[in-house]
Amino acid sequence: MNFSFGLIKEMAAAAETTTEASGGLDIYNKVLCDDFLGTGFRITTSIRNTWIIMAALILFAIIVRIKMKKFKAVPESGFQNFIESIVEAMDNFVGSNMGEKYKYFGNWFFGVFAFILLSNLMGLLGFRSPTADLATTACLGFSTFFLIHFMGIIKGRKEYFKGYLDPFPFWLPMNIISEVATPVSLSFRLFGNILGGSIIMGLFYTLPFYVKVGIPAALHVYFDVFAGFLQTFIFVMLSMSFIADKIPDETKN
Amino acid sequence: MEKFQSIDPQAFVLGCSAIGAGLAVIAGIGPGIGQGYAAGKGCEAVGRQPEARGTIMSTMLLGAAVAETTGIYGLVIAIILLFANPLVGMLGQ
């Protein structure tokens, strides 16, 4: 975690020297407040933006909950149709990848999907994506890591531990390294893609104004919308296949 | 000889880091080839079996994402060298 803080510090230093270089786009992870309400927490741009996303998601959940009291068996309102279709789409997506019995993972993956998607799309509003911070993506990666091994141990039991001695017993160190590499590659893939996109955008916004007409829109469509959707999809999809990998096949249906 | 001794060690480390960052993103060649190959095979598969388009698409994206990993590692090394350089701190100033 030293690395993460080092990165924040360096970026804060860089932000101080090149305040207006990014032309209004928030590409640096600045330290906004060193000592939040006297608790000693350091508030950075990523934390503030994560809070904005959390507020949006919680607000959406509350609105759905209030409307839910009027839920009907046969949907009449467009709103209920919309909610049902997205929940069903996610459940079927999980069901087809992990087996019908593990559809309940749809709850978790819908939350992860919504969070990552909103944070990737945040660049459209000129905010810095929280997923362009290694701390956020490492948290998501380690949640997947925890789920992989938790499900592996409670569902696979003997097979889970036998898997480490596959194909030969002396292959154990290699298997352990590949298990540790899973969350690292998951989190670095998301982090690298989003940070790379935001750095390219930030560099583009430093150019003179006459090349900034229209072209940034195309860049936003590619780096924020296309790459954002794709990386969200890939993160959720890979998490699901890694978890499903550790669950024995006979329990899936 | 005088000229070489007057190089600021920090500037030297930063310059070499910039070259290293440039070299690190050469790692992008591998994923480019790999993803192109995956996309080509995906097109072939859709051509042969257009009704399985959805499954082929998601499998292809998964494969392309895994192929991308090494390129992303190169990119992360380059970003660390440029923005959070650990080598400058080792000069012991």
Side-chain angles (χ1 to χ4, degrees), chain A residues 2-15 17-18 27-29 89 92-93 96-97 132-134 137-138 178 181-200 202-203 226-227 229-242 244-245, chain B residues 10-11 13-15 17-18 20-32 34-36 38-39 42 49 51-93:
Chain A
N2 254 336
F3 163 70
S4 178
F5 282 125
L7 197 67
I8 290 170
K9 249 187 243 165
E10 290 285 332
M11 285 193 157
T17 51
T18 56
I27 65 160
Y28 292 107
N29 197 7
N92 289 336
F93 183 41
S96 66
N97 277 298
D133 189 340
L134 187 57
T137 57
S178 77
T182 302
V184 173
S185 74
L186 261 181
S187 52
F188 270 61
R189 183 177 299 120
L190 186 56
F191 165 68
N193 268 293
I194 305 302
L195 183 65
S198 74
I199 287 174
I200 292 170
L203 287 176
F226 177 70
F229 261 106
L230 199 64
Q231 292 308 318
T232 312
F233 176 74
I234 282 166
F235 186 93
V236 172
M237 183 97 181
L238 280 177
S239 301
M240 281 189 311
S241 35
F242 284 138
D245 229 30
Chain B
Q10 198 170 7
V13 167
L14 286 174
S17 303
L23 290 176
V25 286
I26 292 178
I29 293 174
Q35 290 185 338
Q49 250 185 318
E51 68 276 7
R53 197 171 178 278
T55 326
I56 291 165
M57 187 87 151
S58 56
T59 315
M60 190 199 85
L61 284 180
L62 203 69
V66 174
E68 202 181 15
T69 312
T70 48
I72 293 293
Y73 288 160
L75 175 70
V76 168
I77 297 292
I79 287 170
I80 290 170
L81 282 176
L82 289 177
F83 291 101
N85 200 321
L87 303 172
V88 177
M90 285 182 193
L91 286 172
Q93 289 166 0

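Chain letters run A, B, ... following the sequence lines, proteins first, then strands; residues in each count from 1.
- Sparse packing is recorded around CD1 of B/Ile29, with 12 or fewer heavy atoms of other residues, nucleotides or ligands lying under 6.0 Å away.
- Within the 4.5 angstrom heavy-atom criterion, no atom of A/Leu186 approaches chain B.
- The distance from the CG atom of A/Leu238 to the OG1 atom of B/Thr69 is 8.0 Å, given to the nearest 0.5 Å.
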Where do A/Ile199 and B/Leu82 land on the side-chain contact (heavy atoms from CB on, under 4.5 Å) test, with the steps shown first?
CA-CA 11 Å; A/Ile199 287 174; B/Leu82 289 177; over 6 Å; no
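- For the residue pair B/Glu68 and A/Asn193, the shortest heavy atom distance occurs at OE2-OD1, 3.4 Å.
- A/Arg189 places no side-chain N or O within 3.5 Å of a backbone atom of B/Ile72 that could act as its donor or acceptor partner.
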Report the C-alpha separation of B/Leu62 and A/Ile234 in whole Å, then their side-chain angles, then the decisive distance to 0.1 Å, and conclude whether the side-chain contact (heavy atoms from CB on, under 4.5 Å) test is met.
CA-CA 6 Å; B/Leu62 203 69; A/Ile234 282 166; 5.6 Å; no
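- Between B/Leu75 and A/Leu195 the shortest side-chain heavy-atom distance does not fall below 4.5 Å.
- Here the closest non-hydrogen pair linking B/Val76 and A/Gly192 is CG2-CA, 4.3 Å.
- Interface residue B/Leu61: backbone and side-chain heavy atoms are both found under 4.5 Å from chain A.
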